[in-house]
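Reviewing the structure listed below.
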Amino acid sequence: MDLFMSAPRGTRDILSPEVEKWHYLEDQIRKYCRLYAYSEIRPPIFEHTELFLRGVGETTDIVQKEMYSFQDRAERWLTLRPEATASTVRAYLENKLYAQPQPVKLYYMGPMFRYDRPQAGRYRQFYQFGVEVIGAGEPAADAEVILLAVHLFAHLGLKNLEVHLNSIGCPACRGAYRAKLLDYLSQHIEGLCRDCQARYQHNPLRVLDCKQEGCRGIAQGAPEFGAYLCAECKEHFAQVQAYLGDLGVKYQLNPSLVRGLDYYTKTVFEIISRELGAQGTICGGGRYDGLVEECGGQPTPGVGFALGMERLLLTLENSGIELPGLEPLDVFVASIGAGVQGPAFGILYELRRHSIRADKDYLGRSLKAQMKQAHRYGAPFVILVGEEELARDVVILREMATGKQAEVPLGEISQRILALMGGMEDER
RNA sequence: GUGAAUGUAGCUCAGCCGGUAGAGCACCAGAUUGUGGCUCUGGGAGUCGCGGGUUCGAGUCCCGUCAUUCACCCCA
């Protein structure tokens with residue numbers, strides 16, 4: 001196939017019957033956001049590149065090698081958003097949301113873009129749902145955000161998800177810990193893998209998360225961050241855990257959970273599925289108390305998460321959870337003979353005006369073929385429009401399940417079907 | 001960015017030591033001309049991912065390329 005005839009690498013088309021599952025998920029997500037009193041924000045898909053450099057952090061993998069950046073005709077540097085927290089914070093400042101009652105609780109849903117090697121559960125254009133609570137530094141806000149995700153997952157029927165929790169402290173205590181860690185690692189530098197020798201330079205905390213045999217051994221002996229958290233961070237983390245514990249949210253402490261974005265402070269968490277292989281993180285997030293200030297605002301705390309829609313769908317599928325698919329048709333209108341096309345089309349419109357989901361054949365096919373089509377669409381009723389009947393101002397109404405047919409006057413079609421559909425509702 | 005596997009009809013796949021492509025499902029049509037689900041019969045379909053090489057001849061061997069998948073990396 002010619003290159004231009006296939007979607008770019010790491011992108012794809014989402015079609016029925018999959019798209020109906022997306023609709024369902026999106027509906028449930030909106031329902032839960034409403035329940036938790038979050039309002040939607042729809043930031044632009046691209047932003048000034050500078051926003052991500054400052055917000056996400058110059059040393060992160062996202063900024064260094066995964067951004068889709070380009071210049072527009074006026075030579076502005078723009079970037080397709082790789083995540084939406086930076087945009088949300090920008091919008092918070094630009095729209096002066098700090099002047100509204102705090103905290104501001106927002107959610108977003110939409111495509112993100114990262115130039116990365118595609119893999120199961122990893123795309124270059126992928127969809128995230130995320131929430132942000134800006135203006136609340138209390139541990140309860142951390143707990144609420146985690147609870148929202150956990151609650152939603154439970155509602156969708158997911159079990160056996162792991163909530164991993166850690167605290168990476170504030171700039172003050174992280175600095176102190178970082179110094180200790182660097183000191184320790186410098187004594188074992190020759191034992192680290194090549195990647196970790198690089199991490200030692202720009203993000204030593206990540207060494208703790210390395211999966212290489214040698215690095216793991218060294219990480220085992222590294223000083224524990226927990227011991228270096230300042231009093232405030234320690235107390236904050238303890239309260240987050242207390243809230244979650246009181247609500248019965250199961251979680252596990254994971255000291256090696258670091259996360260790759262620069263803006264995180266204090267609480268970080270991931271929700272992981274074992275059904276996904278290597279890309280097991282469905283949901284990741286944490287607190288970012290320095291980000292608003294970094295973007296030019298007053299010091300303002302924030303906490304949130306992002307959830308990968310494709311990974312969520314994949315986990316649901318691998319867990320054997322069936323999501324609602326394509327809705328069946330209510331009525332199929334079959335026409336017999338070319339002369340009745342006009343009246344058949346009129347009846348179709350009449351049904352639709354009564355909110356009855358209906359369709360007909362458009363290829364001039366045989367009645368037999370039309371019946372097959374009606375069956376395939378799952379229509380419980382078929383209206384047969386024939387010349388003989390039309391001459392007497394009636395049509396035939398066929399109930400597919402039983403094969404029973406009856407003549408119905410033209411003017412009573414919709415009411416008759418609505419009555420029958422109501423009857424079926426009652427039986428459920 | 002690194003390593004590996006895969007790439008044949010819409011879908012799932014078969015195709016032996018190289019000899020000019022097959023099955024099932026799906027789709028379409030028919031089985032006394034105005035009726036679905038079962039059955040039967042027939043039909044349309046593929047430049048064997050793309051490009052090059054070896055060979056008398058390549059889906060089958062070699063190289064490149066693109067894509068998918070898996071692992072690394074990273075994260076959603």
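Residue numbers start from 1 in every chain, and the chains themselves are labelled A, B, ... in the order their sequence lines are given, proteins ahead of strands.
- Residues meeting the ring-ring contact (aromatic ring centres under 6.0 Å, His included) test with A:Phe345, sequence neighbours left out: none.
- Distance noted for atom C1' between B:rU32 and B:rC27: 26 Å (whole Å).
- Per the geometry, CE belonging to A:Met309 stands 17 Å off C1' belonging to B:rC75, to the nearest Å.
- Of all nucleotides present, none satisfies the Watson-Crick or G-U wobble test against B:rA9 with each distance under 3.5 Å.
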Quick test: give all pairs of protein nitrogen or oxygen and nucleotides 27-32 of chain B nitrogen or oxygen below 3.5 Å, distance rounded to 0.1 Å.
residue	atom	partner	partner atom	Å
B:rC27	OP1	A:Arg376	NH1	3.1
B:rC28	OP1	A:Arg365	NH1	3.4
B:rC28	OP1	A:Arg376	NH2	3.4
B:rC28	OP2	A:Arg376	NH1	3.4

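- Summarising the geometry, the separation between CD on A:Gln370 and P on B:rU35 is reported as 12 Å, rounded to the nearest angstrom.
- Base-pair partner of B:rU20: not found among the strands shown (Watson-Crick or G-U wobble, both distances under 3.5 Å).
- Residue A:Glu388 is classed as a base contact, given a heavy-atom separation below 4.0 Å to a base.
- Nearest heavy-atom pair across A:Ala120 and A:Gln279 is O-CG, 3.5 Å.
- B:rU41 and B:rC25: their P atoms are spaced 11 Å apart (whole Å).
- Of the C1' atoms belonging to B:rG46 and B:rC50, the separation is 15 Å, rounded to the nearest Å.
- Nucleotides B:rA23 and B:rG19 are separated by 22 Å at their C1' atoms, to the nearest Å.
- Across all strands shown, A:Gly403 has heavy atoms under 4.0 Å from base atoms, whether or not it also approaches the sugar-phosphate.
- Across all strands, A:Arg12 comes closer than 4.0 Å to no nucleic acid atom at all (heavy-atom distances).
- Under the ring-ring contact (aromatic ring centres under 6.0 Å, His included) criterion, A:Phe113 pairs with no residue, sequence neighbours left out.
- To the nearest angstrom, C1' of B:rU2 lies 13 Å from CG of A:Asp116.
- Nearest-nucleotide positions on RNA chain B place A:Met400 closer to the 5' end than the other of A:Met400 and A:Phe126.
- Side-chain atoms of A:Arg90 do not come within 3.5 Å of backbone N or O of A:Cys295 as any donor-acceptor pair.
- In this entry the distance linking OH of A:Tyr377 with P of B:rU35 reads 20 Å, nearest Å.
- Contact annotation: A:Gln119 side-chain N/O to B:rA71 OP1/OP2 distance is under 4.0 Å.
- When Watson-Crick and G-U wobble pairs are counted only if both distances are under 3.5 Å, B:rU2 pairs with B:rA71.
- Contacts of A:Tyr127 with the nucleic acid, taken as non-hydrogen atoms under 4.0 Å apart, are absent.
- Atom pair A:Ile272:CD1 and B:rC74:P shows a separation of 14 Å (rounding to whole Å applied).
- Of the C1' atoms belonging to B:rG44 and B:rA26, the separation is 13 Å, rounded to the nearest Å.
- Within the nucleic acid shown, A:Ala306 comes within 4.0 Å of sugar-phosphate atoms alone, with no base atom in reach, counting heavy atoms only.
- When heavy atoms are screened at a 4.0 angstrom cut-off, A:Gly10 is found touching the sugar-phosphate backbone but no base atom.
- Aromatic rings from A:Tyr38 and A:Tyr107 are positioned such that their centres are separated by 6.0 Å or more.
- In this structure, B:rC50 forms a base pair with B:rG64, meeting either the Watson-Crick or the G-U wobble geometry with both donor-acceptor distances under 3.5 Å.
- Residue-to-nucleotide contacts include a donor-acceptor pair under 3.5 Å from the side chain of A:Arg122 to the base of B:rC74.
- Remark: B:rC40 base-pairs with B:rG30. Criterion, Watson-Crick or G-U wobble with two distances under 3.5 Å.
- When the P atom is compared between B:rG10 and B:rG1, the two are found 31 Å apart, to the nearest whole Å.
- For A:Ser39, there are no side chain to side chain donor-acceptor pair (under 3.5 Å) partners two or more places apart in sequence or in a different chain.
- Under the ring-ring contact (aromatic ring centres under 6.0 Å, His included) criterion, no residue pair touches residues 39-63 of chain A, with sequence neighbours excluded.
- By the side chain to side chain donor-acceptor pair (under 3.5 Å) test, A:Thr79 pairs with A:Thr49, A:Ser69, sequence neighbours left out.
- For A:Phe305, the ring-ring contact (aromatic ring centres under 6.0 Å, His included) criterion is met by A:Phe129, not counting sequence neighbours.
- Note: CD1 (A:Ile383) to P (B:rU35) measures 19 Å, nearest angstrom.
- Base pairing of B:rA14 is not made with any nucleotide, judged by Watson-Crick or G-U wobble geometry with both donor-acceptor distances under 3.5 Å.
- No donor-acceptor distance shorter than 3.5 angstrom exists from the side chain of A:Glu275 to the backbone of A:Leu314, with no hydrogens or angles considered.
- If you take atom P in B:rG15 and the same atom in B:rG49, they sit 15 Å apart, rounded to whole Å.
- Residue contacts for A:Gln373: at a heavy-atom cut-off of 4.0 Å it reaches no nucleic acid atom on any strand shown.
- At the heavy-atom level, A:Gly121 lies under 4.0 Å from base atoms of the strands shown.
- Residue A:Arg259 places at least one side-chain N or O under 4.0 Å from the OP1 or OP2 atom of B:rA76.
- Distances from the side chain of A:Ile336 to the nucleotides B:rG34, B:rG36, B:rA71 place B:rG34 closest.
- Using the Watson-Crick or G-U wobble rule with both distances under 3.5 Å, B:rG59 pairs with nothing in any strand shown.
- Residue A:Arg9 has its side chain nearest to B:rU68 when only B:rC70, B:rU68, B:rU35 are considered.
- Distances shorter than 4.0 Å separate some side-chain N or O of A:Arg206 from OP1 or OP2 on B:rC74.
- Rounded to a whole Å, the CG atom of A:Leu384 is 12 Å from the P atom of B:rG34.
- Taking atom P in both B:rA14 and B:rU6, one finds a spacing of 12 Å when rounded to whole Å.
- A:Tyr115 meets the ring-ring contact (aromatic ring centres under 6.0 Å, His included) test with A:Tyr68; sequence neighbours excluded.
- Non-hydrogen atoms lying under 4.0 Å from RNA chain B are contributed by A:Asp61, A:Glu66, all within residues 56-66 of chain A.
- In this model, a side-chain donor or acceptor of A:Arg117 finds a partner on the base of B:rU2 within 3.5 Å.
- One interatomic measurement links the two molecules: CG of A:Asp361 to C1' of B:rG34, which rounds to 14 Å at whole-angstrom precision.
- Closest to the side chain of A:Leu367, from the set B:rU69, B:rA76, B:rU35, is B:rU35.
- Residue-environment remark: CZ (A:Arg34) stays at or below the threshold of 12 foreign heavy atoms within 6.0 Å.
- The A:Ile396 side chain lies nearest to B:rG34 when the options are B:rG34, B:rC72, B:rG37.
- Interatomic distance, A:Met421 CE to A:Asp330 CG, rounded to the nearest 0.5 Å: 3.5 Å.
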